[in-house]
Amino acid sequence: MEDVKILISKALESRKNAYAPYSGYKVGAALMTSAGKIYGGFNIECAAYSVCNCAERTALFRAVYEGHNYFKAIAIVGGNEAEEDVLSSFAPPCGMCRQALREFCDPKEFKVILAKSAEDFKVFTLEDLLPQSFGPDNLN
Ligand code: THU
């Protein structure tokens, strides 16, 4: 439970720097490695719209770049840029982010925390959100 609050707070903090001038929808994420280190991320949009990167994959790729390749949880927060620390709705991860996270976790263990605030959140496993997934084992 303590980790959940810490992750949500880091996701909210990360969201502050989101670069979302086109959608106006800012997302923050905080990803925890198996050793307990936390990487924040936010969405980064481009004038060439299809090039935008989601908050979850920003956090994931930062962590993988630094040598981490196994994770236990991610917190995600998102909403219109006018909203700050209390958001009006949950921001579930897109399909591409679900699959990217799948590469680096056990789907039955990995927790996806969707939050509106540090007090208002729900917790899923990655398997809940991406059942019958394709992963590294399928290539063995
Ligand atoms: N977005 C994320 O950052 N994560 C998701 O999982 C879904 C969508 C971003 C992408 C884009 O910058 C904005 O939200 C609106 O789609």
Side-chain angles (χ1 to χ4, degrees):
M1 185 56 88
E2 188 59 24
D3 280 353
V4 171
K5 304 267 184 207
I6 291 168
L7 280 172
I8 294 170
S9 146
K10 179 71 179 177
L12 287 165
E13 182 193 319
S14 298
R15 179 176 173 267
K16 294 193 169 119
N17 288 327
Y19 181 75
Y22 305 106
S23 71
Y25 186 85
K26 291 188 167 191
V27 184
L31 178 68
M32 182 174 275
T33 71
S34 52
K37 191 166 179 191
I38 298 173
Y39 285 85
F42 49 69
N43 54 331
I44 303 168
E45 299 183 345
C46 287
Y49 299 155
S50 59
V51 184
C52 96
N53 200 60
C54 292
E56 299 89 322
R57 278 176 291 134
T58 302
L60 178 65
F61 297 156
R62 287 185 64 217
V64 174
Y65 175 78
E66 292 197 0
H68 303 281
N69 51 26
Y70 202 71
F71 302 97
K72 55 184 180 188
I74 192 168
I76 306 164
V77 295
N80 185 275
E81 61 196 347
E83 299 177 345
E84 290 185 3
D85 285 345
V86 179
L87 301 162
S88 59
S89 57
F90 295 111
C94 77
M96 199 182 285
C97 289
R98 294 177 198 206
Q99 187 65 43
L101 291 164
R102 166 68 181 87
E103 185 70 19
F104 302 100
C105 72
D106 175 346
K108 289 187 191 307
E109 297 296 326
F110 185 82
K111 303 288 190 301
V112 179
I113 302 147
L114 306 184
K116 294 184 192 173
S117 70
E119 284 70 47
D120 189 359
F121 59 87
K122 19 187 210 186
V123 183
F124 300 89
T125 64
L126 188 65
E127 191 177 52
D128 293 331
L129 303 182
L130 192 69
Q132 300 296 322
S133 63
F134 186 92
D137 291 351
N138 292 96
L139 298 180
N140 287 337

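Start at 1 with the first residue, then count along the sequence. Whatever order the structure lists ligands and atoms in, that order sets their numbers, starting from 1. The structure presented is a predicted model; accordingly, all values stated were derived computationally and were not measured.
For V123, the side chain to side chain contact (heavy atoms under 4.5 Å, CB included) criterion is met by K111, I113, F121, not counting sequence neighbours. Applying the ring-ring contact (aromatic ring centres under 6.0 Å, His included) test to Y65 and every residue at least two apart in sequence or in another chain returns nothing. Residues meeting the ring-ring contact (aromatic ring centres under 6.0 Å, His included) test with Y39, sequence neighbours left out: H68.
A continuous path of Ile, Leu, Val, Met, Phe, Trp and Tyr side chains, each step under 4.5 Å between heavy atoms, connects L101 with F124, placing both in one hydrophobic cluster.
For ligand 1, residues of the protein lying within 4.0 angstrom by heavy-atom distance are S23, Y25, V27, N43, E45, C52, C54, A55, E56, P92, P93, C94.
Of the possible polar contacts, none joining the R57 side chain to the A100 backbone as a donor-acceptor pair under 3.5 Å is found.
Between Y22 and Y49, the ring centre distance stays below 6.0 Å.
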